[in-house]
Amino acid sequence: VVGAKDISGFKTKLDKFMEGMVTCNEWQRIQSFQARPDDLLICTYPKAGTTWIQEIVDMIQQDGDLEKCKRAPVHHRHPFIEWVRPPQPSGVEQAEAMPSPRTLKTHLPVKLLPPSFWEQQCKFLYVARNAKDCMVSYYHFQRMNKVLPDPGPWHEYFEMFMAGKVGWGPWHDHVKGWWKVKDMHCVLFLFYEDMKKDLKREIQKVAQFLGKNLDQELLDKIVYHTSFDVMKDNPMANRSGVPRSFMDLSISPFMRKGTVGDWKNHFTVAQNERFEEDYEKKMAGTNLTFCMEL
Ligand code: A3P
């Protein structure tokens, strides 16, 4: 005898599986995506500060014009190239319909990026965030995001993340992959923790990378509008317009804490030891280092 709860649980899992299949079916189209030489691609591992850097880039590109930045929620301003969610137009379709110069977004690791981005020598803006805070942020995101698999209890999610069995794969491969290509291509590699430490300095780096000169007043305006507290109250950034059936912000807000070191409120001492041991192995041979607390 199967209870109603089992059936609805099975249906949810089946729905999520079918949604995953849609992306698989579109994979060839994603891989053959035609980049243009003046494309800017924002690249991140999920929860590394994608929304934050998107808002910064948009404010720089719109010369600080807040009305222009309000034209759409930030996650709709830049096509997400591997996004497939019918009947909405896919990320590829949105990008194809966009006039140049385009700013696009991806969470793809280097090895899965459509090759034309390399061929066209596009600009890449990568933001990396330390693994422990990414894990915590991802866990809370999966709790409230009804399209992603339920993360289960924290100790189970911890194991899943360590094994790389989360959306967009292992964190370690992602950051190492992008770190490796940064000197061979036009990549500005930023750290979430540096942005927390000195936002003004990091915004200046982005502006320079985009070939924009910001005067002091404009720079201060962008720093203010992209601070956590202001973005948390900005309906164009905080996902408050997303239907509850997709993101239930009452479970966990999208703009949750925005800090460095929240992992200390989640990791047990034993988990931290295991994590460190595994991390050392997986990150051996790279000179990429992260700040885990400020
Ligand atoms: P937390 O869950 O740790 O709060 P993404 O946009 O890649 O999904 O990343 C979301 C994470 O970035 C969330 O982390 C969110 O709070 C944080 N974030 C978004 N805007 C921020 C800002 N202006 N300052 C600091 N953190 C920000």
Side-chain angles (χ1 to χ4, degrees), residues 41-60 66 69 73-78 80-83 103-109 125-145 147-148 151 154 157 161 166-169 171 174-175 178 189-203 206 220-242 246-267 290-294:
L41 185 62
I42 294 176
C43 322
T44 53
Y45 187 76
K47 312 319 289 173
T50 326
T51 311
W52 194 7
I53 196 69
Q54 283 184 273
E55 189 69 17
I56 291 170
V57 165
D58 198 37
M59 280 210 77
I60 294 173
L66 288 172
C69 292
V74 62
H75 57 284
H76 287 321
R77 283 179 230 159
H78 308 127
F80 185 8
I81 53 167
E82 65 270 29
W83 180 255
T103 299
L104 311 169
K105 159 188 153 178
T106 187
H107 287 320
L108 290 174
L125 181 42
Y126 189 82
V127 181
R129 185 182 194 184
N130 80 72
K132 295 180 189 179
D133 283 331
C134 266
M135 187 197 297
V136 168
S137 182
Y138 216 161
Y139 167 67
H140 290 292
F141 185 65
Q142 281 195 222
R143 287 199 309 121
M144 65 83 149
N145 188 313
V147 180
L148 296 175
W154 165 249
Y157 191 76
F161 189 95
V166 290
W168 288 275
W171 175 94
H174 207 281
V175 294
W178 280 98
F189 198 105
L190 298 179
F191 292 90
Y192 179 99
E193 295 76 18
D194 287 344
M195 291 163 69
K196 284 299 292 187
K197 247 185 275 173
D198 190 343
L199 185 54
K200 193 183 259 191
R201 183 191 61 203
E202 298 307 298
I203 291 176
V206 177
D220 288 340
K221 185 177 182 184
I222 298 176
V223 170
Y224 174 77
H225 282 281
T226 58
S227 69
F228 181 78
D229 290 339
V230 173
M231 279 184 64
K232 190 174 172 66
D233 285 340
N234 177 356
M236 290 296 159
N238 63 17
R239 306 292 203 270
S240 50
V242 173
F246 179 44
M247 281 187 191
D248 188 345
L249 303 183
S250 69
I251 297 176
S252 180
F254 180 83
M255 301 288 297
R256 197 182 57 89
K257 283 197 181 172
T259 56
V260 178
D262 189 35
W263 61 269
K264 286 191 254 171
N265 300 315
H266 293 72
F267 281 47
F290 281 86
C291 158
M292 305 278 191
E293 54 193 296
L294 286 183

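First listed ligand is number 1; within each ligand, the first listed atom is number 1.
- Residue-level proximity to ligand 1 for Thr226 is carried by the backbone, the only part with a heavy atom below 4.0 angstrom.
- In terms of N/O distances under 3.5 Å, ligand 1 is not approached by Pro46.
- The closest heavy-atom contact to atom 18 (N) of ligand 1, among the options Tyr192, Tyr138, Phe254, comes from Tyr192.
- Which parts of ligand 1 touch Met231 is read off a 4.0 Å heavy-atom cut-off, strictly below it: atoms 20 (N), 23 (N).
- Looking at Trp263 and Glu293, their side chains never bring a donor and an acceptor atom within 3.5 Å of each other.
- Between the side chains of Asn238 and Ser240, at least one donor-acceptor pair of N or O atoms lies under 3.5 Å.
- Checked against a 3.5 angstrom limit, the closest N/O atoms of Thr50 and ligand 1 fall inside it.
- Not a single N or O atom of His107, backbone or side chain, sits closer than 3.5 Å to an N or O atom of ligand 1.
- Geometrically, ligand 1 and Lys257 share a nitrogen or oxygen pair separated by less than 3.5 Å.
- Checking only distances, Gly49 does come within under 3.5 Å of ligand 1, N or O to N or O.
- Across all their heavy atoms, His78 and Lys105 have their closest contact at O-CB, 4.2 Å.
- The closest heavy-atom contact to atom 20 (N) of ligand 1, among the options Met255, His225, Arg129, comes from Met255.
- Within the model, atoms CE of Met236 and NE2 of His76 stand 10.0 Å from one another, a figure rounded to the nearest 0.5 Å.
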